[in-house]
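What you see is a predicted model, and the numbers here were worked out from it, not measured in a lab. Residue numbering restarts at 1 for every chain, and letters A, B, ... go by the order of the sequence lines.
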Number of protein chains: 2
Amino acid sequence: MNIGEASTASGVSAKMIRYYESIGLIRAPQRSGSNYRVYSIDEVHTLRFVKRARNLGFSVDETATLLGLWQDKARASGEVKDIATSHIAALETKIAELQGMVKTLKHLAHCCGGDHRPDCPILDDLAGLSPPEPRKGH
Amino acid sequence: MNIGEASTASGVSAKMIRYYESIGLIRAPQRSGSNYRVYSIDEVHTLRFVKRARNLGFSVDETATLLGLWQDKARASGEVKDIATSHIAALETKIAELQGMVKTLKHLAHCCGGDHRPDCPILDDLAGLSPPEPRKGH
DNA sequence: TATAAAGGTTCCTGTAATGGGAAGGTCAAG
DNA sequence: CTTGACCTTCCCATTACAGGAACCTTTATA
């Protein structure tokens, strides 16, 4: 199987397969006589694993660790759970941040006439001209 | 006021102030005889505006637009509201994505013993060995 | 068979928004 | 006058890719 087929089979672009190889996330596959990369089914499975991990928001570094644990038949599931758990916490922090932004923006947009007048609470807030986030209850 | 003071007063690092100038987000300030950047109060206000917009998740490009609108005394608030509104939508999409990741990971982590046995539903899912997201009700 | 299209190869560039640091000029205090 | 804190420009690194140039190989077609 050359890189195009492996790409289709795994859902990882050929470009990314080469990239993952270059950074050492996956091992270099065998080469054909004409220097084409040749992939086995197992290698495609590895690519799929990587794809799934990336889709779940794991960084390439985290994915490398998970991949190592996956390929280690004697690994303990505790390690994996720890990685997943701290990843969940990081995601939740990010979510909270974004929700804070949304809340502020919604408040500002709500106060904004959205008409043809130049008055704009959003800009006023950005400029620091009005207290956007009441420090005390409302 | 030189760049260090402007940085302290605005909360934008000196490094970033130079960067914003280099990409044209802010205008180049005057220079002292010894080629030091010299900032006015107004320029510090601009930097604060930029900081606040970036904190609210607006990209540098969006910030440039908002800045233009802010400095345009004849602008209509509708334009600003539109930008804010579509930004809110983008943030909410991102939030939903992250929440999806968290949900899947929590499910997997919940199913994972976290003990010393090699069994691990998280890795099994990443490898595509088990149906992680039931397509039908549970 | 000649050729063209569709694949593969490496290598370089760019992205967004910074952080870090080197090499060197300037300013204020001791 | 030296020291240290500041400033200047310029280059490199980051993350996870995408795009493209230049060139080689395989396959399909005229």
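DNA chain D lies under 4.0 Å from at least one heavy atom of each of the following residues of residues 8-22 of chain A: A:S13, A:K15, A:M16, A:Y19, A:Y20. Near DNA chain C, meaning a heavy atom under 4.0 Å from it, residues 26-41 of chain B has B:S34, B:Y36 in order of number.
When every heavy atom of A:L108 is checked against every heavy atom of A:P121, the shortest pair comes out as CD2-O, 3.9 Å. Annotation for B:L67 and B:F49: closest pair CD1-CD2, 3.4 Å, computed over non-hydrogen atoms.
Under the side-chain contact (heavy atoms from CB on, under 4.5 Å) criterion, A:D72 pairs with A:A74, A:R75, sequence neighbours left out. Here A:E79 pairs with nothing under the side chain to side chain donor-acceptor pair (under 3.5 Å) rule; sequence neighbours left out. B:S86 pairs by the side-chain contact (heavy atoms from CB on, under 4.5 Å) definition with nothing, not counting sequence neighbours. Scored by the side-chain contact (heavy atoms from CB on, under 4.5 Å) test, B:S32 finds B:S34, B:Y36, B:V38 as partners (sequence neighbours excluded). Judged as a side-chain contact (heavy atoms from CB on, under 4.5 Å), and not counting sequence neighbours, the contacts of A:K15 are A:S13. Scored by the ring pair (Phe, Tyr, Trp, His ring centres under 6.0 Å) test, B:F58 finds B:H87 as partners (sequence neighbours excluded).
In this structure the side chain of A:E43 never reaches within 4.5 angstrom of the side chain of A:I26, judged on heavy atoms. Considering only heavy atoms from C-beta on, B:I23 comes within 4.5 Å of B:V60 through its side chain.
Rounded to whole Å, atom P of D:dT26 lies 10 Å from atom CG of A:N2. Atom CD1 in B:I3 sits roughly 5 Å away from atom P in D:dT8 (whole-Å rounding). Residue A:E5 contributes atom CD, which lies 14 Å from atom P of D:dT26 at whole-angstrom precision.
Listed by first then second residue, pairs satisfying side chain to side chain donor-acceptor pair (under 3.5 Å) with a partner in residues 1-10 of chain B number zero, not counting sequence neighbours. Applying the side chain to side chain donor-acceptor pair (under 3.5 Å) definition to pairs two or more places apart or across chains, those involving residues 18-27 of chain B are B:E21-B:R37.
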Would B:E97 and A:K94 satisfy salt bridge (Lys or Arg N to Asp or Glu O under 4.0 Å), going step by step from the backbone distance to the final call?
CA-CA 11 Å; B:E97 254 179 54; A:K94 187 73 188 170; over 6 Å; no
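If one axis is set at each end of the helix from C:dT1-D:dA30 to C:dG30-D:dC1 from five pairs, those axes are 30° apart, to 10°.
Chain A approaches DNA chain C within less than 4.0 angstrom (heavy atoms of the protein), and the contacting nucleotides run 5' to 3' from C:dG7 to C:dT10.
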